[in-house]
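Quick caveat: nothing in here was measured; it's all calculated off a predicted structure. Residues take their numbers from the sequence shown, with the count starting at 1.
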Amino acid sequence: MTEIIEALNKLEKEKGISKEVMIDAIEKAIISACEKDFGKDAVKAVMDPESGEITVTAPKQVVDEINDPNTDILIEDAKHIDPDCELDDFVECEIKTIDFGRIAAQKARGIILQSLKENERKAVYDYFKDKENTIITGIVQRKVGYNLSITLDDKTETMLNSREMIPGERYNPGDRIKLYIVSVKLNDKGGFRIITSRTHPNFVNRLFEREVAEIEDGTVEIMNIAREAGSRSKLAVWSNDPDVDAVGACVGLNSIRINNILADLADEKIDIIEWDEDPAVFIENALRPAPVVSVDVDEETGFARVVVPDDKLSLAIGKEGQNARLAAKLTNFKIDIKSESQAAAEEAEYEDEYEEYDEDEITAVTDEDVAAAIEETEAEAAEAAEADETAEDATSDDEAPAEESSDEE
């Protein structure tokens with residue numbers, strides 16, 4: 001039986017399935033195979049993890065005449081197991097596995113194999129589940145439409161959707177490819193699906209963590225990232241050590257670190273900027289490489305007004321507004337960028353609009369002024385009421401002769 005243990009040890013090493021789990025599966029398989037003859041929940045099976053010996057027992061009733069050899073035992077035989085037993089008692093009797101029969105053995109074998117497959121699948125699932133939010137390397141197998149079928153190990157494949165590929169990338173079968181594992185989800189059929197991406201912002205984060213030792217050990221932190229995959233990314237970093245330059249650590253000596261990262265991103269451009277707790281400074285940094293003249297921030301509304309030199313306006317906005325758009329995503333502020341001449345023109349227009357007001361002509365309103373205004377309003381209201389009454393009296397006098405004339409007729 002030592003061959004079984006050797007086989008289990010080999011499976012544990014190659015498949016990552018615990019030997020204890022496989023032993024438990026074998027014990028359950030043997031019990032299941034015996035249920036037909038000995039009854040459900042009656043059989044017990046124990047496998048020695050060192051020798052591989054399997055002991056199977058089932059309760060049998062002590063009788064003086066056997067009706068069913070699977071459930072009955074003669075009292076004289078039972079006395080050898082339990083000297084104190086009496087008729088109608090139950091004693092635990094060992095069952096020889098050779099007595100299981102061909103059908104029972106086949107059933108046990110099938111259950112064992114099924115259990116091994118399930119545990120192997122679970123081990124693979126657990127392995128990749130632990131890899132969520134990390135980078136893994138696979139090998140391109142084939143193109144499926146616009147998508148790529150990629151193997152992650154000997155038996156595990158994933159499909160990289162075309163939407164998750166960096167625009168402009170081209171891969172051929174056999175090419176190695178780095179993927180960011182977004183999630184690992186179980187399906188209704190007992191399998192699982194590995195969702196991967198190369199456009200996810202965290203893909204850039206993990207590349208920096210792998211390449212920059214200061215990020216991996218926590219000296220430098222990635223505070224935020226804004227990315228348009230295949231084109232440009234902005235990365236905000238901060239150093240917890242005043243003696244360590246966060247931006248310099250990410251770039252590396254002779255730009256070796258950043259170049260290694262760019263090689264994995266199809267030469268996507270990356271702006272590394274220093275994060276600052278002051279929103280105005282952070283926004284100024286985020287708009288680099290464009291220089292900034294001034295930043296006016298309203299934290300309550302999340303709005304920022306930025307002024308840049310006239311000849312740097314297009315640089316600050318970027319091609320099709322990309323630089324300003326990424327800076328806004330990175331800082332979580334709505335950014336309005338103006339050139340110095342535009343800002344000056346708006347300021348002049350504002351001053352022209354209000355220059356007609358003379359501060360010397362503006363006087364303060366006192367309580368006496370308020371009281372006089374109220375009194376004047378009340379007087380006007382009284383005069384109006386008196387005028388209405390006079391009008392009503394005049395109308396009444398005009399109608400009286402008409403009534404008298406009517407009576408005389």
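Looking only at side-chain heavy atoms (C-beta outward), V306 and S294 stay at 4.5 Å or farther from each other. Here the side chains of F333 and V297 are in contact, with some heavy-atom distance below 4.5 Å. Taking the side chain as every heavy atom from C-beta outward, V56 and V43 approach each other to under 4.5 Å. Counting heavy atoms from C-beta on, the side chains of D88 and Q61 come closer than 4.5 Å. D245 places none of its side-chain heavy atoms less than 4.5 Å from the side chain of S239. A heavy-atom distance below 4.5 Å is found between the side chains of S231 and Q322. L330 is listed as a side-chain neighbour of I273, based on a closest heavy-atom distance under 4.5 Å.
Here the straight-line distance linking atom CD of E169 with atom CG of L148 works out to 9.0 Å at 0.5 Å rounding. Remark: K143 NZ to Y171 OH distance equals 12.0 Å, nearest 0.5 Å.
D77 places no side-chain N or O within donor-acceptor distance of the main-chain N or O of I73, the cut-off being under 3.5 Å. Here the side chain of E27 pairs no donor or acceptor atom with the backbone of D24 at under 3.5 angstrom.
The environment of NZ in K129 is crowded: more than 12 heavy-atom neighbours from other residues, nucleotides or ligands sit within 6.0 Å. No more than 12 heavy atoms of other residues, nucleotides or ligands shown are found within 6.0 angstrom of CG on N254. Around CD of E76, the count of heavy atoms belonging to other residues, nucleotides or ligands within 6.0 Å exceeds 12. More than 12 heavy atoms of other residues, nucleotides or ligands shown are found within 6.0 angstrom of NZ on K19. Annotation for Y127: atom OH does not count as buried by contact number, only 12 or fewer foreign heavy atoms lying within 6.0 Å. The neighbour count for I256 CD1, taken as heavy atoms of other residues, nucleotides or ligands under 6.0 Å away, does not exceed 12. Other residues, nucleotides and ligands contribute at most 12 non-hydrogen atoms within 6.0 Å of the CD atom of E65. K44 NZ: 12 or fewer foreign heavy atoms inside a 6.0 Å radius.
Looking at K234 and N224, their side chains never bring a donor and an acceptor atom within 3.5 Å of each other. Between the side chains of T219 and D217, at least one donor N or O sits under 3.5 Å from an acceptor N or O. Counted by atom type alone, T151 and Q141 present one or more donor-acceptor pairs between their side chains at under 3.5 Å. Remark: the S233 side chain and the E228 side chain contain no N/O donor-acceptor pair separated by less than 3.5 Å. A donor atom on one side chain and an acceptor atom on the other are found under 3.5 Å apart for N240 and E221. Between E164 and T196, the side chains place no donor N or O within less than 3.5 Å of an acceptor N or O (distance only, hydrogens not considered). Of the N and O atoms on the side chains of N260 and E211, at least one donor lies less than 3.5 Å from an acceptor on the other residue.
When every heavy atom of P291 is checked against every heavy atom of P309, the shortest pair comes out as O-CD, 3.5 Å. Shortest non-hydrogen contact noted between A316 and A290 is CA-CB, 3.4 Å.
A salt bridge does not link K312 with E340: every distance from a Lys NZ or Arg NE/NH1/NH2 to an Asp or Glu carboxylate oxygen is 4.0 Å or more. Between R210 and E216, none of the side-chain N atoms (NZ, or NE/NH1/NH2) sits under 4.0 Å from a carboxylate O, so this pair counts as no salt bridge. Contact check on D271 versus R232 returns a salt bridge, with a Lys/Arg side-chain nitrogen under 4.0 Å from an Asp/Glu carboxylate oxygen. Ion pairing of R305 with E346 is present here, as a side-chain N (NZ or NE/NH1/NH2) and a carboxylate O approach within less than 4.0 Å. Checked for salt-bridge contact, K60 and E92 miss the test: no charged N lies under 4.0 Å from a carboxylate O.
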(request) Starting from the C-alpha separation in whole Å, work towards a yes-or-no answer on salt bridge (charged side-chain N to carboxylate O under 4.0 Å, His left out) for E268 and R198. (result) CA-CA 12 Å; E268 176 180 316; R198 284 180 55 81; over 6 Å; no
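Among pairs with a residue in residues 186-220, those fulfilling ring pair (Phe, Tyr, Trp, His ring centres under 6.0 Å) read Y125-F192, Y180-H200, at least two apart in sequence or across chains.
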